[in-house]
Amino acid sequence: MIEKQGIPTAGISLIRPHSERVKPPRSLWVPFELGRPLGAPNEPEFQKQVLRTLLQLLERTDGPVILEDYPFDAPETDEGVSVLSCPVRFDNQATESADPLKARFLREIQAMHPWYEMALKKRDRTSLGLSGLEIDDLGDYIYRFVKGEQPENPRPDVDPTVSLKLAVEDLKGYYVEAVTAQPGQENLSSRTLKEWFWNKTTAGEVLLRLIETCSRSKDEKLKMTGTRFLAPIDIVLKHGDIKPES
């Protein structure tokens, strides 16, 4: 409607395939993390450069659809932090349990608990709770989906697939809040935290197994939730056995 009145519009795109499908009049695709349309925080000159490039699209008339790629990556912001240290030692060795992965997973959750309690005390707030599950119950609930089971829905007011997504969000929030309670780790970038969680923790390993299970499900809602909404799309795409549902 705005364009029909002669007012040009332009927007930033973080997911190029979405813009290709929606076909807005003018879009600037940026190769940044989701939630950071202007790149790294505390980088005003870089952010201005992104905005100038976007505004230049308003002068173009070679549409009807213009989709431009921004050619620069966002500056790194971790100031030398390349490997996130773990607050606890996670034992990845096999155990005598009938399911060693589950045993490692539940042990890891328990090992993170003192750091989560420290974070809660320091910040006096938490993002956890939307799933309706206690921390001690999160691991078992999620792992039952990994095994192809259908546990009781802790939130009868929503669809079971929504409850699963909320449980996964609570789990990821628990880990991030706990690990950033470490001295010197309070201001880590989301990129570093993402790489740590998905590549260095048993929880990340379990969630990838969960996504694999969901991708094979005959339940279309569960398949969509698992392959599209539980992990960043770049993590899913790196995992060769998983094909995101369109």
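Values reported hereafter were calculated over all heavy atoms of this structure, with side chains retained and with hydrogens, waters and symmetry mates removed.
Judged as a salt bridge (Lys or Arg N to Asp or Glu O under 4.0 Å), the pairs with a partner in residues 172-184 (not counting sequence neighbours) are, in order, Glu169-Lys172.
Residues passing the side chain to side chain donor-acceptor pair (under 3.5 Å) test with Lys165: none are found, sequence neighbours excluded. Under the salt bridge (charged side-chain N to carboxylate O under 4.0 Å, His left out) criterion, Asp73 pairs with no residue at all, not counting sequence neighbours. Gln110 is linked by a side chain to side chain donor-acceptor pair (under 3.5 Å) to Asp136, counting only residues two or more places apart in sequence or in another chain. Applying the side chain to side chain donor-acceptor pair (under 3.5 Å) rule to Ser13 yields the partners Ser19; only residues at least two apart in sequence or on another chain are considered. For Tyr116, the ring-ring contact (aromatic ring centres under 6.0 Å, His included) partners are Tyr174, not counting sequence neighbours. Residues that satisfy the side chain to side chain donor-acceptor pair (under 3.5 Å) test with Arg209, not counting sequence neighbours, are absent from this structure. With sequence neighbours excluded, the residues satisfying ring-ring contact (aromatic ring centres under 6.0 Å, His included) with Tyr141 are Phe145.
Using cut-offs of 30° and 60° for the angle between ring planes, the Tyr175 and Trp196 rings count as tilted.
You'll find the side chain of Leu138 reaches within 4.5 Å of the side chain of Ser131, heavy atoms only. For the pair Tyr70/Thr53, a side-chain contact is recorded, criterion being any heavy-atom separation below 4.5 Å from C-beta on. At least one side-chain heavy atom of Glu45 sits under 4.5 Å from a side-chain heavy atom of Lys48. Between Leu38 and Ile12, the closest side-chain pair of non-hydrogen atoms falls below 4.5 Å. Taking the side chain as every heavy atom from C-beta outward, Leu14 and Arg36 never approach each other to under 4.5 Å. Contact check for Leu171 versus Ile109: side-chain heavy atoms found under the 4.5 Å cut-off. Within the 4.5 Å cutoff, the side chain of Glu3 has heavy atoms near those of the Pro25 side chain. Contact of the Tyr143 side chain with the Leu210 side chain is not registered, since no non-hydrogen atoms from C-beta on lie closer than 4.5 Å.
When hydrophobic clusters are built by joining Ile, Leu, Val, Met, Phe, Trp and Tyr residues whose side-chain heavy atoms come closer than 4.5 Å, directly or via intermediates, Ile142 is grouped together with Leu133. The hydrophobic clustering, which links ILVMFWY residues whose side-chain heavy atoms are closer than 4.5 Å, places Ile15 and Val22 apart. The same ILVMFWY cluster, assembled from side-chain heavy atoms under 4.5 Å apart, contains both Leu164 and Val146.
Taking all atoms of both residues into account, the shortest heavy-atom contact from Ala231 to Ile211 is CB-CD1, 3.6 Å. Between Ala181 and Met118, the shortest heavy-atom contact is O-SD, 3.9 Å. Taking each heavy atom of Leu54 and Ala10 in turn, the nearest pair found is CD1-CB, 3.8 Å.
Within the 3.5 Å criterion, the main-chain N or O of Glu20 finds a donor-acceptor partner in the side chain of Lys23. Checking side-chain atoms of Thr202 against main-chain N and O of Phe105 turns up no donor-acceptor pair under 3.5 Å. With Asp69 contributing its side chain and Pro71 its backbone, the two residues share no donor-acceptor pair below 3.5 Å.
Members clustered with Trp29: Leu67, by chain and number, using a 4.5 Å side-chain heavy-atom cutoff among hydrophobic residues. Grouped with Leu58 in one hydrophobic cluster are Leu55, the linkage being side-chain heavy-atom contacts under 4.5 Å among Ile, Leu, Val, Met, Phe, Trp and Tyr residues. Its side chain outside the 4.5 Å cluster rule for every partner, Val65 clusters with none of the Ile, Leu, Val, Met, Phe, Trp and Tyr residues.
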Fill in: Full working for salt bridge (Lys or Arg N to Asp or Glu O under 4.0 Å) between Arg60 and Glu68
CA-CA 11 Å; Arg60 291 178 50 177; Glu68 191 78 13; 2.8 Å; yes
Practice prompt. Begin with the C-alpha distance, continue with both residues' side-chain angles, and end with the deciding distance and a verdict on side chain to side chain contact (heavy atoms under 4.5 Å, CB included) for Leu207 and Trp198.
Written response: CA-CA 8 Å; Leu207 291 188; Trp198 291 104; 3.6 Å; yes
Worksheet entry | side chain to side chain contact (heavy atoms under 4.5 Å, CB included) between Lys200 and Val179, worked out | CA-CA 12 Å; Lys200 302 294 184 181; Val179 79; over 6 Å; no
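If you take CD1 on Ile235 and CG on Asn199, they are separated by 6.0 Å, rounding to the nearest 0.5 Å. Annotation: the span from Asp170 atom CG to Ile135 atom CD1 amounts to 8.5 Å, rounded to 0.5 Å. Atom NE2 of residue His113 and atom CG of residue Leu120 lie 9.0 Å apart, to the nearest 0.5 angstrom. The CG atom of Leu101 sits 8.5 Å away from atom NZ of Lys147, with the distance rounded to the nearest 0.5 Å. Annotation: the span from Leu208 atom CG to Leu230 atom CG amounts to 10.0 Å, rounded to 0.5 Å. Rounded to the nearest 0.5 angstrom, Glu59 CD and Arg26 CZ are separated by 10.5 Å.
Around NZ of Lys221, the count of heavy atoms belonging to other residues, nucleotides or ligands within 6.0 Å does not exceed 12. Heavy atoms of other residues, nucleotides or ligands lying less than 6.0 angstrom from CD of Glu117 number more than 12.
A donor-acceptor pair shorter than 3.5 Å cannot be found between the side chains of Thr201 and Arg104. Under the 3.5 Å distance criterion, with hydrogens and angles disregarded, no donor-acceptor pair is assigned to the side chains of Asp219 and Ser217.
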Enumerate donor-acceptor pairs with a distance under 3.5 Å from any side-chain N or O in residues 148-156 to protein atoms, sequence neighbours excluded.
| unit_1 | atom_1 | unit_2 | atom_2 | d |
| --- | --- | --- | --- | --- |
| Glu149 | OE1 | Arg144 | NE | 2.9 |
| Asn153 | OD1 | Arg155 | N | 2.9 |
| Asn153 | OD1 | Ser163 | OG | 2.5 |
| Asn153 | ND2 | Arg155 | O | 3.1 |
| Asn153 | ND2 | Val158 | O | 2.9 |
| Arg155 | NE | Asp157 | OD1 | 2.8 |
| Arg155 | NE | Asp157 | OD2 | 3.4 |
| Arg155 | NH1 | Leu130 | O | 2.5 |
| Arg155 | NH2 | Asp157 | OD2 | 2.8 |

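In this structure, Phe32 has its ring center closer than 6.0 angstrom to the ring center of Phe46.
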